[in-house]
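Below, each value reflects all heavy atoms present in this structure, side chains not excepted, and no hydrogens, waters or symmetry copies. Below, read A as the first sequence line, B as the second, and so on, with proteins coming before strands; counting in each chain starts at 1.
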Protein chains: 2
Amino acid sequence: MGGTEPAEARPEIDRRRLPPEERQQQIVDEAVRFFAEVGLDGKTRELARRLGVTQSLIFKYFETKQDLIEAVYGRVYLERISPDWPTLICDRSRPIGERMSIFYRDYGSRIFDHDWMRIFMFSGLAGAELNKRYLTHLSKTLLEPLLKEIRVAASSPSEPTLEDLWSLHGGIVYLGIRQHIYRMPTPEDPQHEIDRAIGRFLGSFDVEGP
Amino acid sequence: MGGTEPAEARPEIDRRRLPPEERQQQIVDEAVRFFAEVGLDGKTRELARRLGVTQSLIFKYFETKQDLIEAVYGRVYLERISPDWPTLICDRSRPIGERMSIFYRDYGSRIFDHDWMRIFMFSGLAGAELNKRYLTHLSKTLLEPLLKEIRVAASSPSEPTLEDLWSLHGGIVYLGIRQHIYRMPTPEDPQHEIDRAIGRFLGSFDVEGP
DNA sequence: CGCTTTAATGATCGATCGATGAACAAGATC
DNA sequence: GATCTTGTTCATCGATCGATCATTAAAGCG
């Protein structure tokens, strides 16, 4: 076998002298994967090794390591919440069960992500303010409107509370925690489990599920 | 005011030359609090400072930092699962709703703990094998028997699955995550929220809740 | 007290950390 | 191809890490 030239077989990026924006983006991309794997205490020399560049180059694009971490936060938090969700949640032309199913399917497709899940947990443990802001924003713009819609749809005398919704939410998020933080086996079809949880939740308030 | 001697006012331990077992235990105790706060990358010098001893003393009792971390694991995982729970779960003289309420009340009182919650998360992110063993043990000895009991009590044609139970469990655990990992405000009376979640869960299988 | 034991300290090692600045070289322009 | 710009490397700094070991001094005992 053989005959092909083994030279330059590395599929890695060995090109040098990239445009600054491109290089900066490349560093952040790799930093997301790197910090997600080893934590925010990961060493810049190891990150540079993965990038195939020298450690000092990183500090040409980010003054301090903390600046790089902030850039990682910005990248990873971006596009994690869709602007379409408030509209979807309040679309009363569709049954609430369907709305919740679609919402949590989209939500799950965005947050059941290895890098996001772990960096969110690392930054939460580190006391980053972004976590609190994210969760507060989630509660105000998504859970509270969702609660209102469920109450409107509910004919039951007992109404759900925001904490009830947090409980449902936690049960769903826990799927991602089991998978990406604890690395435990999880269901092949999480949407099925999510729909069952939504169904149980709505059913207990006499609302039809998805 | 005054008149009292300010000398030796330090309530801290400044006594030297403790019995080895006592000193070792003291180090582990403080290490639990310390690592829970700053993570497993916490520095031994900072830990020694909190203990009021020199850094080198720590290495008289633990050959390596990893040994100390293992001791912290052992301490913090100890007594976290009660041997009484399997008996309680299978005690059919009591309604299943009551059994679940009592179980999760006891369970919550043990795991809704700042140090446990954070060290469990830190070690999970670090890939410690103890997390997987803990969760597997939890599933085998508690959730699976609980599932069996619910199925026995359920008269509904649709039976709960183990994943359904994980969803309930996750919703409950998420209370502790919100409190101790994300440091967000949580309900004053978590037991009330837990009982509501149990009630919704059992209700969806036509079983009376707590 | 004088002696022994050993818990605890103080000094320090080699490795590694984040960060800096001079030297180098790839690529564009003429 | 000579020149200039600037992305990248190389060498290195001071600080700090986990870990080691000789020294010190507190407690137990005759």
Side-chain angles (χ1 to χ4, degrees), chain A residues 7-8 10 12-73 119 122-123 126 128, chain B residues 7-8 10 12-73 119 122-123 126 128:
Chain A
E8 298 182 9
R10 287 272 294 279
E12 301 286 345
I13 334 105
D14 49 349
R15 281 179 42 210
R16 307 203 312 201
R17 215 175 172 76
L18 290 184
E21 324 82 53
E22 193 173 334
R23 178 68 82 187
Q24 180 150 357
Q25 184 174 333
Q26 182 196 54
I27 293 175
V28 177
D29 284 344
E30 190 63 41
V32 167
R33 289 189 287 269
F34 175 59
F35 287 135
E37 192 52 45
V38 307
L40 303 175
D41 289 309
K43 318 303 181 186
T44 56
R45 278 176 174 81
E46 169 67 11
L47 171 60
R49 196 191 58 76
R50 295 193 185 197
L51 280 161
V53 300
T54 56
Q55 177 242 8
S56 62
L57 187 66
I58 295 174
F59 289 92
K60 299 289 177 182
Y61 292 91
F62 301 94
E63 287 199 0
T64 67
K65 182 185 171 183
Q66 190 57 39
D67 287 349
L68 173 59
I69 292 177
E70 301 291 341
V72 167
Y73 284 168
I119 285 183
F122 276 124
S123 63
Chain B
E8 298 182 9
R10 288 273 293 281
E12 301 285 345
I13 333 105
D14 49 351
R15 282 179 43 214
R16 307 205 312 202
R17 216 176 170 75
L18 290 184
E21 323 82 52
E22 192 173 334
R23 178 67 82 186
Q24 179 150 357
Q25 183 174 334
Q26 182 198 52
I27 292 175
V28 177
D29 284 345
E30 190 63 41
V32 167
R33 289 188 288 270
F34 176 60
F35 286 135
E37 193 53 47
V38 306
L40 303 176
D41 289 308
K43 318 302 179 187
T44 56
R45 279 176 174 82
E46 169 67 11
L47 171 60
R49 197 192 58 76
R50 295 194 185 196
L51 281 161
V53 300
T54 56
Q55 177 241 9
S56 61
L57 187 66
I58 294 174
F59 289 92
K60 298 286 179 186
Y61 292 91
F62 301 93
E63 287 199 0
T64 66
K65 183 185 171 183
Q66 190 56 40
D67 287 349
L68 174 59
I69 292 177
E70 300 291 341
V72 166
Y73 284 168
I119 285 183
F122 277 124
S123 63

Chemist: Would you say B:Arg17 places a side-chain N or O within less than 4.0 Å of OP1 or OP2 belonging to C:dA8?
Modeler: no
Chemist: In this structure, how many angstroms lie between the C1' atom of D:dT8 and the CZ atom of A:Arg23, rounded?
Modeler: 8 Å
Chemist: In whole angstroms, how far is the P atom of C:dA7 from the CD atom of B:Gln24?
Modeler: 11 Å
Chemist: Under the rule for side chain to side chain contact (heavy atoms under 4.5 Å, CB included), what residues qualify as partners of B:Glu21, not counting sequence neighbours?
Modeler: B:Pro19
Chemist: What pairs meet the salt bridge (charged side-chain N to carboxylate O under 4.0 Å, His left out) rule with one or both residues in residues 24-40 of chain A, with sequence neighbours excluded?
Modeler: A:Asp29-A:Arg75, A:Glu30-A:Arg33, A:Glu37-A:Arg183
Chemist: Indicate every side-chain donor-acceptor pair of residues 38-46 of chain B with a distance under 3.5 Å to a residue at least two apart or in another chain.
Modeler:
from    : atom 1 : to      : atom 2 : distance (Å)
B:Lys43 : NZ     : B:Asp41 : O      : 3.3
B:Thr44 : OG1    : B:Gln55 : NE2    : 3.2
B:Glu46 : OE1    : B:Arg49 : NE     : 3.2
B:Glu46 : OE2    : B:Arg49 : NH2    : 3.0
B:Glu46 : OE2    : B:Arg50 : NE     : 3.3

Chemist: Find the distance A:Leu40:CG to C:dG18:P and express it as a whole number of Å.
Modeler: 12 Å
Chemist: By salt bridge (charged side-chain N to carboxylate O under 4.0 Å, His left out), which residues pair with B:Asp67, not counting sequence neighbours?
Modeler: none
Chemist: Can you list everything that forms a side-chain hydrogen bond (donor to acceptor under 3.5 Å, both in side chains) with A:Gln24? Sequence neighbours excluded, please.
Modeler: none
Chemist: Kindly indicate whether the side chain of A:Leu47, heavy atoms from C-beta on, has any atom under 4.5 Å from the side chain of A:Leu68.
Modeler: yes
Chemist: How many Å lie between CD1 on A:Ile58 and P on D:dT9, as a whole number?
Modeler: 10 Å
Chemist: Is the distance from OP1 or OP2 of D:dT8 to the nearest side-chain N or O of A:Tyr61 less than 4.0 Å?
Modeler: yes
Chemist: Please report the distance, rounded to the nearest Å, between CG in A:Leu51 and C1' in D:dT9.
Modeler: 15 Å
Chemist: Summarise protein proximity over nucleotides 15-22 of chain D in one line of letters, 5' to 3': B for base, S for sugar-phosphate only, - for none, counting protein heavy atoms closer than 4.0 Å.
Modeler: --BBBBBB
